[in-house]
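Notes follow the structure.
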Amino acid sequence: MMKSLKRAAITSVGHYLPPDIYDNKFFESYLDTSDQWIRERTGIQERRVLKQGGTSDMAVPAIEMCLNRRGITAEEIECIVVATVTPDMLFPSTSSLIQGKIGAKNAWGFDLEAACSSFLYALNVATRLIESGAHTKVLVVGADKMTAITDYQDRNTCVLFGDGAGAVLLEPIEDESLGLIDFDLKTDSTCGKFLYMPAGGSLLPPSIETVTNRQHYVIQDGKTVFKSAVPGMADAAESMMRRNNLSPDDIRWLVPHQANLRIISATAERMGLPMEKVMVNIHKYGNTTSATLPICLSEWWEQGLLDKGDGVVLVTFGAGYTYGGGYIKWAY
Ligand code: ACO
């Protein structure tokens, strides 16, 4: 039976960060790098490390926090969309594993991969699942165990990444002025070669050669990606402002993907926003890929810094390239 079409809104948030930490001194102890270089070039001071278990083991506590805050059980969830580049295994999907672990016996679900933009892509898809009337309670999870695909002999990449998970609950909302208002997502495949993980897929299945050649790790031409990420994130943010007639005063929070503090600052500057209006936690967690946006939302909500009616702009940039923005009027 077709239900009436409604706006979708985020109605709860949760996150999880594993307790173990690699600080910059850890890298100084065995690599030709320094705390000063890492702080100045990236803004990162430390990152979390999941010592045991897989991505689903971080997603589960993030979801539990999200459901507890909303006061509902896992059995009420109808669909679980998991944004990740580090699934526990290629199949079954991490969504499927999570469905079993949390006891969401009435939910179906799937994984979605768009590198650092995975969560924003997943949020867009889940928004349509609510707006279409197909579902009334959809979980969107952003979770990555980046330490599983990080080459700790490569100083260009290993200082950048960390592990973590965040989750949001989407439900229909009566008030049309609130909720998930707009998305503008892009893919530019011409630059895929600058940020990728070569082996482990169908093109280069695991072999002694791929392991010996260290092809199961993130490979990045950092400078080239940086040069694209700065205008890419800023263009995405400007597009959100233009499409929704937003001035800087209309925006309470910019929620940028946390890849590099310099990229974040450049985006805020182009938007005419002071850094006080920008969610930044890269110094504590590094780049957690699919998890950066939902961790920010959950941490800021927890501190009482997200209020009903707040204008929130999300922007991301990642491998693919994948990039884009989203505009939310915070609903609870
Ligand atoms: N410690 C010390 N020196 C280093 C380190 C390090 N950890 N890493 C690199 N260097 C050196 C380089 O070798 C280079 O040395 P050289 O001049 O002798 O050749 C010098 O520092 C400068 O290197 P650059 O790569 O030009 O440094 P840059 O200032 O560009 O910073 C960084 C590198 C941090 C990777 C930056 O380019 C960046 O943030 N890129 C974008 C990352 C991003 O947004 N990725 C997309 C999301 S991730 C995803 O989708 C999975």
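All ligand and atom numbering here is 1-based and tracks the order in the structure. Worth saying up front: this structure is predicted, and the values here are computed from it rather than measured.
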Looking only at atom types and distance, does a side-chain atom of Lys277 sit under 3.5 Å from a main-chain N or O of Ile251, one as donor and one as acceptor? yes
Residue-level breakdown please: for Thr33 versus ligand 1, do any non-hydrogen atoms fall below 4.0 Å on the side chain, on the backbone, on both, or on neither? both
contact_flag Met146 ligand 1 heavy-atom lt 4.0 Å: no
Give yes if a backbone or side-chain nitrogen or oxygen of Ser34 is under 3.5 Å from a nitrogen or oxygen of ligand 1, and no if not. no
Side chains of Asp249 and Ser247: any donor to acceptor distance under 3.5 Å? no
Less than 4.0 Å between atom 16 (P) of ligand 1 and some protein heavy atom, yes or no? no
Just which atoms of ligand 1 are under 4.0 Å from any heavy atom in Asn287? 47 (C), 48 (S)
Please work out, at 4.0 Å between heavy atoms, whether the side chain, the backbone, both, or neither of Trp37 comes within that distance of ligand 1. side chain
When the ring planes of Phe27 and Tyr30 are compared, do they come out parallel, tilted or perpendicular, using 30° and 60° as the limits? tilted
Counting each atom of ligand 1 from 1 as listed, which ones have a heavy atom of Arg262 under 4.0 Å away? 28 (P), 29 (O), 31 (O)
In ligand 1, the atoms that come under 4.0 Å of a heavy atom of Leu195 are 46 (C), 48 (S), 49 (C), 50 (O)
Could you check whether atom CD of Gln36 has more than 12 heavy atoms from other residues, nucleotides or ligands sitting under 6.0 Å from it? no
Taking only heavy atoms of Cys116, which atoms of ligand 1 are found under 4.0 Å from at least one of them? 47 (C), 48 (S), 49 (C), 50 (O), 51 (C)
What atoms in ligand 1 come closer than 4.0 Å to a heavy atom of Asn260? 34 (C), 36 (C), 38 (C), 39 (O)
One finds that the ligand 1 atoms under 4.0 Å from a non-hydrogen atom of Asn156 are 8 (N), 9 (C), 13 (O)
Does any N/O atom on Lys223 come nearer than 3.5 Å to any N/O atom on ligand 1? yes
Measure from atom 20 (C) of ligand 1 to the protein's non-hydrogen atoms and state whether any distance is below 4.0 Å. no
Residue portion contacting ligand 1 (non-hydrogen atoms closer than 4.0 Å) for Ile263: side chain
If the cut-off is 4.0 Å to any non-hydrogen atom of Ala259, which atoms of ligand 1 fall inside it? 43 (C), 44 (O)
Evaluate the ring planes of Trp253 and Trp300, with Trp represented by its six-membered ring, and classify them as parallel (under 30°), tilted (30 to 60°) or perpendicular (over 60°). perpendicular
Counting from 1, what ligand 1 atoms have a heavy atom of Arg41 closer than 4.0 Å? 29 (O)
